[in-house]
Q: 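Have a look at this one before I ask anything.
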Amino acid sequence: MSTTFRKAASLAAVAALALGAAACGDDDDTGGGDDGGKVDTGNAAPPTLQFTVSEQGKKATLTPPTDAKSGVVKISLKNEGKKVHEAQIVRVTGGQSAAEVIKAVGSEEGAPIPDWIEDGGGVGTVEPGRTGEVIQDLEPGDYVAFDQQSDKPISAEFTVGDDESDADFPETDATITASEYKFETSGLKAGDNIITFENTGKELHHAVILPIRPGATFADARKFLSSENGDEEKQPPVDFEGGVFTAVIDGGVKQVTRIPMQAGKYAFVCFISDRAGGPPHVAKGMISEVDVK
């Protein structure tokens, strides 16, 4: 399970450093990547599920929403701390506790993913003093939000009720679709992209979006990212600090979020393992080259 969430979290942490002030506004603005960005929701704005992360010394606290509707909602994370934070979410179907979720997402790399973890999603890394958001369709049920960016993972439990939002997903010009074991993209351009990220497969997926360095090729990137033991003494063919990542989502789930991109060639990679366990999806060929102009 660590391939699923730890790898995503580590890449997200360095990606957040690169997004910086150019991708983030003031306290009421939202940042890049899975910091969301302000998304045009059309005439029917979805209700907001507000998460807040605060810090007291080295201790961080994740506060969940007190009232969460099902259906199409905006998930917002306000980072009041001094470090990068996130609010990844999963739906639990067997009454499992937040502690059990944290144990599962921190298990050994390639371990099976419990059947009681479903859906995924939420808000990825948000820089200090910023607010990140995504739009997502939530099923009613019991959920756990967690943040692995803290010194010690923190979590919070919340319930999504049967009272359903009447909002719809906004239309977007750009899409990223993940399935076994490939990506399909359309409409991506240099600048800010409001995108629909959708998982049409049966396994969990995410998209780690890494710029290919000038002078390197996609073949170089594929070889490096597919290898368990890359040459740490050489400059990698991809720019991890310039990378962006989506949340981890289950089959049938989609999000609308904002991803800033510069012109150039990118490697789209999935580091998730199958639910049954085993190697990450990149080892099964889930890596694609995308040319952004």
Side-chain angles (χ1 to χ4, degrees), residues 1-21 23-36 48-68 73-92 95-109 111 114 116-117 119-134 136 138 141-160 206 240-241 245-248:
M1 192 65 169
S2 61
T3 298
T4 304
F5 290 103
R6 285 181 181 172
K7 194 111 185 185
S10 63
L11 289 172
V14 295
L17 298 177
L19 294 174
C24 298
D26 58 26
D27 286 351
D28 293 326
D29 289 335
T30 50
D34 254 356
D35 297 73
T48 298
L49 275 63
Q50 181 67 59
F51 292 87
T52 304
V53 174
S54 58
E55 298 172 7
Q56 187 172 5
K58 293 185 177 180
K59 183 179 180 181
T61 301
L62 177 62
T63 303
T66 55
D67 182 25
V73 298
K74 179 190 296 181
I75 304 172
S76 178
L77 172 63
K78 184 176 184 180
N79 183 355
E80 296 180 343
K82 297 181 179 180
K83 298 180 180 180
V84 170
H85 290 288
E86 65 183 354
Q88 296 260 4
I89 67 171
V90 294
R91 183 164 61 95
V92 294
Q96 289 78 14
S97 66
E100 290 175 288
V101 170
I102 292 297
K103 182 178 179 180
V105 301
S107 61
E108 294 183 2
E109 182 172 327
W116 47 264
I117 287 181
D119 296 350
V123 183
T125 52
V126 178
E127 291 192 5
R130 311 299 183 185
T131 298
E133 63 184 36
V134 299
Q136 185 172 337
L138 297 183
D142 296 324
Y143 285 74
V144 172
F146 59 92
D147 172 18
Q148 291 187 306
Q149 303 297 325
S150 301
D151 294 333
K152 181 179 180 181
I154 58 175
S155 59
E157 301 175 0
F158 66 103
T159 299
V160 174
H206 66 171
F240 286 105
E241 291 188 356
F245 89 119
T246 69
V248 178

Q: Rounded to the nearest 0.5 Å, what separates atom NZ in Lys83 from atom CG in Asp151?
A: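 Separation between the atoms: 3.5 Å.
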
Q: Does Gln88 use its side chain to pair, donor to acceptor, with the backbone of Ala247 at less than 3.5 Å?
A: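 Here the side-chain-to-backbone pair does not exist.
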
Q: What's the shortest heavy-atom distance between Val134 and Gly122, and which atoms?
A: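 Val134 and Gly122 have their closest heavy atoms at CG2-O, 3.6 Å.
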
Q: What's the shortest heavy-atom distance between Ala87 and Leu62, and which atoms?
A: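 Between these two residues, the closest heavy atoms are CB-CD1, 4.5 Å.
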
Q: Name all residues meeting the salt bridge (Lys or Arg N to Asp or Glu O under 4.0 Å) criterion together with Glu80; count only those two or more places apart in sequence or in a different chain, and write none if there are none.
A: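 So Glu80 forms a salt bridge (Lys or Arg N to Asp or Glu O under 4.0 Å) with Lys78.
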
Q: Could you pull out the closest heavy-atom pair between Gly124 and Phe245, with the gap in Å?
A: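 In terms of heavy atoms, the two residues are closest at CA-CZ, 4.0 Å.
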
Q: Which pairs pass side-chain hydrogen bond (donor to acceptor under 3.5 Å, both in side chains) with one or both residues in residues 51-65, sequence neighbours excluded?
A: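 Counting only pairs at least two positions apart or across chains, the side-chain hydrogen bond (donor to acceptor under 3.5 Å, both in side chains) contacts touching residues 51-65 are Glu55-His85.
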
Q: List the steps, then state whether side-chain contact (heavy atoms from CB on, under 4.5 Å) holds for Phe51 with Val123.
A: CA-CA 9 Å; Phe51 292 87; Val123 183; over 6 Å; no

Q: Can you name the residues that form a side chain to side chain donor-acceptor pair (under 3.5 Å) with Glu100, not counting sequence neighbours?
A: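 Side chain to side chain donor-acceptor pair (under 3.5 Å) check on Glu100 returns Ser97.
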
Q: Quick one: list whatever passes side chain to side chain contact (heavy atoms under 4.5 Å, CB included) with Asp67, sequence neighbours left out.
A: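 Asp67: no side chain to side chain contact (heavy atoms under 4.5 Å, CB included) contacts found.
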
Q: Provide the closest heavy-atom pair for Gln50 versus Ser76 in the form atom of the first, atom of the second, distance.
A: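 In this case the closest contact between Gln50 and Ser76 is OE1-OG, 3.4 Å.
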
Q: Nearest heavy-atom pair of Gln149 and Val84: which atoms, and what distance?
A: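 Closest pair (atom of Gln149, atom of Val84, distance): CB-O, 3.2 Å.
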
Q: If you apply the rule side-chain contact (heavy atoms from CB on, under 4.5 Å), what do you find for Leu49 with Ile89, and how did you get there?
A: CA-CA 12 Å; Leu49 275 63; Ile89 67 171; over 6 Å; no

Q: Can you check whether Asp142's main-chain N or O pairs, donor with acceptor, with Glu157's side chain at less than 3.5 Å?
A: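 Side chain of Glu157 to backbone of Asp142: no pair is present.
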
Q: Considering all heavy atoms of both residues, which atom of Asp119 and which atom of Arg91 are nearest to each other, and what is their separation?
A: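 Between these two residues, the closest heavy atoms are OD2-NE, 2.6 Å.
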
Q: Using the rule given for side-chain contact (heavy atoms from CB on, under 4.5 Å), can you reason through Trp116 versus Val90, listing the C-alpha separation, both sets of side-chain angles and the distance that settles it, and then say yes or no?
A: CA-CA 9 Å; Trp116 47 264; Val90 294; over 6 Å; no

Q: Would you say the side-chain atoms of Asn79 pair up with the backbone N or O of Val126, donor to acceptor, closer than 3.5 Å?
A: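 A pair under 3.5 Å: yes.
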
